[in-house]
Amino acid sequence: MPSIFTKIINGEIPCYKIAEDADNFAFLDINPNAKGHTLCVPKKEVDRLLDLDEEAYLKLMAFSRKVGQAIEAVVPCERVGMSVIGLEVPHVHVHLIPLQSMKNATFQYKESLTPKEFEKVAEQISGALK
Ligand code: AMP
């Protein structure tokens with residue numbers, strides 16, 4: 001069965017899209033640790049980060065770097081943190097999280113955003129992509 005992220009990539013489930021290229025897709029996390037929390041996902045469905053072949057891994061990191069730079073350009077934060085967890089969704093994804101403090105990195109603290117706020121920050125980040 002396709003993962004929920006494959007369904008998002010295929011347009012079967014809605015998302016607040018940020019960007020895509022031939023191999024990777026980025027969208028806002030629906031239950032964010034902070035405004036602008038973004039997931040970068042390889043289109044090829046693989047469960048674990050370290051099982052990606054080297055080329056796919058490097059492409060995902062390069063894609064995540066670009067998206068992270070765009071987040072830093074438009075979301076006020078100390079820096080953008082990167083985590084790979086994968087305990088909930090078995091399809092590799094890089095969390096890019098705007099950090100004000102350690103609290104935003106813990107996955108215990110969550111921020112609620114309205115649909116308009118999600119739309120606006122998604123537009124700002126995708127507009128800042130080089
Ligand atoms: P983990 O697998 O533990 O790295 O966490 C999966 C992440 O995916 C969580 O932060 C969820 O909020 C996020 N997530 C799950 N379903 C969706 C969805 N439909 N759209 C956006 N983010 C999602």
Side-chain angles (χ1 to χ4, degrees):
M1 205 175 90
S3 76
I4 188 163
F5 291 166
T6 294
K7 290 182 182 170
I8 286 174
I9 291 163
N10 292 338
E12 293 160 31
I13 292 181
C15 72
Y16 297 99
K17 182 176 169 181
I18 304 289
E20 73 177 306
D21 67 12
D23 303 292
N24 297 289
F25 194 99
F27 54 95
L28 293 179
D29 194 298
I30 205 67
N31 189 20
N33 294 14
K35 190 194 272 192
H37 180 168
T38 298
L39 303 176
C40 297
V41 183
K43 291 181 178 178
K44 184 174 170 207
E45 194 174 319
V46 170
D47 179 356
R48 295 165 185 241
L49 178 75
L50 301 182
D51 289 340
L52 288 175
D53 62 50
E54 187 169 324
E55 188 187 2
Y57 175 86
L58 293 174
K59 282 181 169 172
L60 175 63
M61 287 302 142
F63 179 80
S64 300
R65 176 172 175 268
K66 277 193 197 159
V67 175
Q69 287 172 333
I71 295 171
E72 270 184 350
V74 295
V75 179
C77 60
E78 283 296 317
R79 61 180 60 211
V80 170
M82 186 185 275
S83 311
V84 178
I85 316 286
L87 290 172
E88 183 185 324
V89 178
H91 182 161
V92 176
H93 48 284
V94 173
H95 293 262
L96 296 173
I97 306 165
L99 303 175
Q100 296 295 352
S101 69
M102 235 355 242
K103 137 186 123 172
N104 303 114
T106 62
F107 292 86
Q108 307 297 321
Y109 172 83
K110 295 288 177 180
E111 279 187 17
S112 328
L113 282 111
T114 64
K116 280 221 171 331
E117 288 171 319
F118 274 113
E119 274 164 31
K120 186 171 171 202
V121 74
E123 270 174 33
Q124 287 172 325
I125 297 167
S126 53
L129 272 166
K130 291 172 193 151

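Ligands are counted one by one from 1 in listed order, and the atoms in each one are counted from 1 as well. Being a predicted model, the structure only gives us computed values, none of them experimental.
Counting non-hydrogen atoms of other residues, nucleotides and ligands closer than 6.0 Å to NZ of K44 gives a total of 12 or fewer. Few gaps surround CD on E12; more than 12 heavy atoms of other groups in view lie less than 6.0 Å from it.
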Which is it for I97 and D29 under the side chain to side chain contact (heavy atoms under 4.5 Å, CB included) test, yes or no, and what are the steps along the way? CA-CA 10 Å; I97 306 165; D29 194 298; over 6 Å; no

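Note: no N/O pair closer than 3.5 Å links F107 and ligand 1 by distance alone. For a threshold of 3.5 Å applied to N or O pairs, the pair formed by F27 and ligand 1 contains no separation below that value.
Side-chain atoms of K110 and N33 form a donor-acceptor pair, as typed in the model, at a separation below 3.5 Å.
Ligand 1 has no atom lying under 4.0 Å from any heavy atom of I13. Ligand 1 lies less than 4.0 angstrom from a heavy atom belonging to I8. Assignment of N33 to the shell around ligand 1 is not supported, since no heavy atom sits closer than 4.0 Å. Put simply, part of F5 is less than 4.0 Å from ligand 1, judged by heavy atoms. Using 4.0 Å as the threshold, C15 has no heavy atom nearer than that to any atom of ligand 1.
Nearest heavy atom pair, residue V75 against residue K35, reads CG1-O, 3.5 Å. When all heavy atoms are compared, the tightest approach of T38 to A26 is CG2-CB, 4.2 Å. Of all heavy-atom pairs between S126 and I18, the closest is CB-O, 3.0 Å.
In this structure, atom 22 (N) of ligand 1 lies nearest to the protein heavy atom I30 N, 3.2 Å. Of all protein heavy atoms, the one closest to atom 11 (C) of ligand 1 is D29 OD1, 3.5 Å.
Residue I4 has at least one heavy-atom neighbour below 4.0 Å for each of these atoms of ligand 1: 19 (N). Applying the 4.0 Å criterion to heavy atoms of V89 picks out, from ligand 1, the atoms 2 (O), 6 (C). Distances below 4.0 Å separate heavy atoms of N31 from the following atoms of ligand 1: 12 (O). Taking a cut-off of under 4.0 Å to the non-hydrogen atoms of L28, the atoms of ligand 1 that pass are 21 (C).
Ring pair H93/F5 is perpendicular by interplanar angle, where above 60° counts as perpendicular and below 30° as parallel. Ring-plane geometry between H95 and H37 is classed as tilted, the angle between the planes lying from 30 to 60 degrees on a 0 to 90 degree scale.
For atom 3 (O) of ligand 1, the nearest non-hydrogen atom from the set H95, E88, H93 belongs to E88.
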